[in-house]
Amino acid sequence: MPELAEVEFFRRQWDPGLGGRVVGLELHSTARLFRGCDVPELRRALTGSVFRESRLHGKNLLFGFSGDAWLGVHLGMTGELRVDPGPGPGGRHDHLVLRQAGRSLVFADSRMFGRVRFDHSMGEPPLWWRELPPAVLDPRFSSRRLDGHLRRRDRAPIKALLLDQAIFPGIGNWMADEILWRLRWHPLIPAGLLGPDAAHVLRHHVRWVSRRALTTIGRDWSDPPATWLYRHRWAAGTRCPRPHCQTLLVRATAAGRTTCWCPGCQPAPPEHHGRSGGRTVAGGHRRQSPQRPR
DNA sequence: ATCTCTGTTCACAA
DNA sequence: GTTGTGAACAGAGA
C-alpha cells in the first residue's frame with residue numbers, strides 16, 4: 001500500500017509507545033525483511049532501550065532509541081505498523097514485535113518486500129538517512145534541481161521519473177497518476193518534451209498533492225475528496241472527475257506499472273518515429289500475453 | 001486455475 | 001559509462 005501519506009499514517013501508529021521501555025522483542029531473523037541487517041546487534045541494542053522518536057522521509061521510516069540505536073523501516077508493498085494491546089496474539093506475518101509494558105509495537109509484511117535496518121549512530125541519524133535526497137516538502141526541493149533532472153533524463157517518460165525515489169521521495173504509483181492528471185500530462189510524454197515551464201508546475205503539483213494527502217490519508221486514513229482521481233482510479237468503467245469532462249478513464253501499463261489517466265484531459269504525446277517504428281503511445285495498448293517456451 | 005497488486009533491485013539491452 | 005526496461009522477489013485476494 002504505502003506511499004508518502006500511508007507511510008506517515010503507519011509512523012504514527014507507534015506513537016503510543018514513545019517514552020516507553022522495550023522490555024523484549026520477537027523477530028523472525030531469517031525473514032527476507034532483515035537482509036543486510038545485524039540481527040543479533042539489533043536485539044542486544046533494543047532490549048531495554050527507550051523509544052525516543054520517529055521520523056518520516058519519503059517512504060522511509062526511522063525510529064530512534066536510547067543508546068544511539070536507530071531502527072530503519074521500509075514498508076515495501078504490503079508492510080504495516082500497528083500497536084497491539086498487551087502481548088497480542090501475533091499474526092502470521094508479524095516479523096518484528098517490540099514488547100513494552102501493556103502493548104506491542106508490530107511490523108507485519110505479508111509479501112516481505114519491506115526492509116528493516118539497524119544502526120548505531122551517535123547523536124544523529126545514521127549516514128544512509130542523512131544522505132537521502134531532499135524531501136518534496138523541503139525548501140531544497142527546488143525547480144532548478146528538478147529542471148536538471150528533467151534535462152538529464154529527457155528520454156524517459158515522465159511517469160518513470162515520478163516513480164524515481166532519488167528525485168521524488170515518497171511518490172508512488174497512485175500519487176504519480178494523480179499529479180499527472182492534474183497537470184494534464186500524458187504519463188508517457190518524454191521528460192524532454194515538457195517545455196520550459198515544466199519543472200516549476202511539476203514542483204507545485206507534487207507538493208500540493210503530497211501536502212493534501214498527508215492531511216487526509218496521513219492523519220487518519222480518510223479519503224481525499226471525490227474531486228481527486230484517487231477516488232475513481234481503481235474500479236473499471238469509471239469516468240474522469242474533472243467537471244464537464246466525464247471521459248472514460250484508461251488503464252494500461254506505463255513505465256512498468258499499471259497507470260490510470262484521462263484520454264480527454266491528458267492528450268497522447270506526438271508519435272515517435274525512430275527506426276523502430278514501434279508505437280510509443282499507449283492509447284489503445286493491450287497487454288501481450290507472453291508466449292512461454294515450455 | 002489465473003490474474004492482479006500503492007515497491008525496489010538486478011540483469012541486460014540500447 | 002549511462003539510461004531504460006522488464007523480470008524477480010512472495011503472498012493474498014478477486
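Convention: sequence-line order gives letters A, B, ...; per-chain numbering from 1. What's counted below: heavy atoms across the whole structure, side chains too, no hydrogens, waters or symmetry copies.
In this structure A:R21 satisfies the side-chain contact (heavy atoms from CB on, under 4.5 Å) test together with A:V50, sequence neighbours excluded. Remark: A:D164 engages A:R153 in a salt bridge (charged side-chain N to carboxylate O under 4.0 Å, His left out) (not counting sequence neighbours). Annotation: side-chain contact (heavy atoms from CB on, under 4.5 Å) contacts of A:P224 (sequence neighbours excluded): A:T216, A:I217, A:W228, A:Y230. The side-chain contact (heavy atoms from CB on, under 4.5 Å) test applied to A:F168 returns A:F141, A:L146, A:L161, A:L162, A:I171, A:L202, A:V206, not counting sequence neighbours. Contacts of A:R115 classified as side-chain contact (heavy atoms from CB on, under 4.5 Å), with partners at least two apart in sequence or in another chain: A:R35, A:H74, A:R117.
With rounding to whole Å, A:D164 atom CG is found 13 Å from B:dG7 atom P. Separating the CG atom of A:L33 from the C1' atom of C:dC9 is a distance of 12 Å, rounded to the nearest angstrom. Regarding A:N173, its CG atom lies at a distance of 6 Å from the P atom of B:dG7, rounded to whole Å. One can place CZ of A:R251 at 14 Å from P of B:dT4, the figure rounded to the nearest angstrom. In this structure, CG of A:D109 is placed 16 Å from P of C:dC9, rounded to the nearest angstrom. Distance, A:L4 CG to B:dG7 P: 12 Å, rounded to whole Å.
A:D119 and A:W128 are linked by a side-chain donor-acceptor pair at a separation below 3.5 angstrom, with hydrogens and angles left out of the test. A:T238 and A:R251 are linked by a side-chain donor-acceptor pair at a separation below 3.5 angstrom, with hydrogens and angles left out of the test.
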Intra- and interstrand pairs of DNA chain C - dot-bracket, Watson-Crick/G-U under 3.5 Å, | marks other strand: .||||||||.||||
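Geometrically, A:R242 engages A:W181 in a cation-pi contact defined by less than 6.0 Å to the ring centre and at most 45° from the axis.
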Name each donor-acceptor pair under 3.5 Å that joins a side chain in residues 190-198 of chain A to protein atoms two or more places apart or in another chain, with its distance.
none

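Each ring pair (Phe, Tyr, Trp, His ring centres under 6.0 Å) pair with one or both residues in residues 76-112 of chain A, not counting sequence neighbours, appears once here: A:H28-A:H95. Within the structure, salt bridge (Lys or Arg N to Asp or Glu O under 4.0 Å) contacts touching residues 83-99 of chain A (residues at least two apart or in different chains) are A:E26-A:R99, A:R82-A:D84, A:R82-A:D94.
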Tabulated below should be each protein N or O lying under 3.5 Å from an N or O of nucleotides 2-6 of chain C; please produce it.
{"residue": "C:dG4", "atom": "OP1", "partner": "A:A156", "partner atom": "N", "Å": "3.0"}
{"residue": "C:dG4", "atom": "OP2", "partner": "A:R153", "partner atom": "NE", "Å": "2.4"}
{"residue": "C:dG4", "atom": "OP2", "partner": "A:R153", "partner atom": "NH2", "Å": "3.2"}

Hey, what are the protein-to-nucleotides 8-11 of chain B N/O distances that come in under 3.5 Å?
{"residue": "B:dT8", "atom": "OP1", "partner": "A:H74", "partner atom": "NE2", "Å": "2.9"}
{"residue": "B:dT8", "atom": "OP2", "partner": "A:K59", "partner atom": "NZ", "Å": "3.1"}

Could you pull out the protein-nucleic contacts involving nucleotides 12-14 of chain C (nitrogen or oxygen on both sides, under 3.5 Å)?
{"residue": "C:dA12", "atom": "OP1", "partner": "A:R92", "partner atom": "NH2", "Å": "2.5"}
{"residue": "C:dA12", "atom": "OP1", "partner": "A:H93", "partner atom": "NE2", "Å": "2.9"}
{"residue": "C:dA12", "atom": "OP2", "partner": "A:R92", "partner atom": "NH2", "Å": "3.2"}

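Atom NE2 of residue A:H205 and atom CD of residue A:E178 lie 10.0 Å apart, to the nearest 0.5 angstrom.
When atom types are taken as modelled, the side chain of A:Q246 and the backbone of A:P241 share no donor-acceptor pair closer than 3.5 angstrom.
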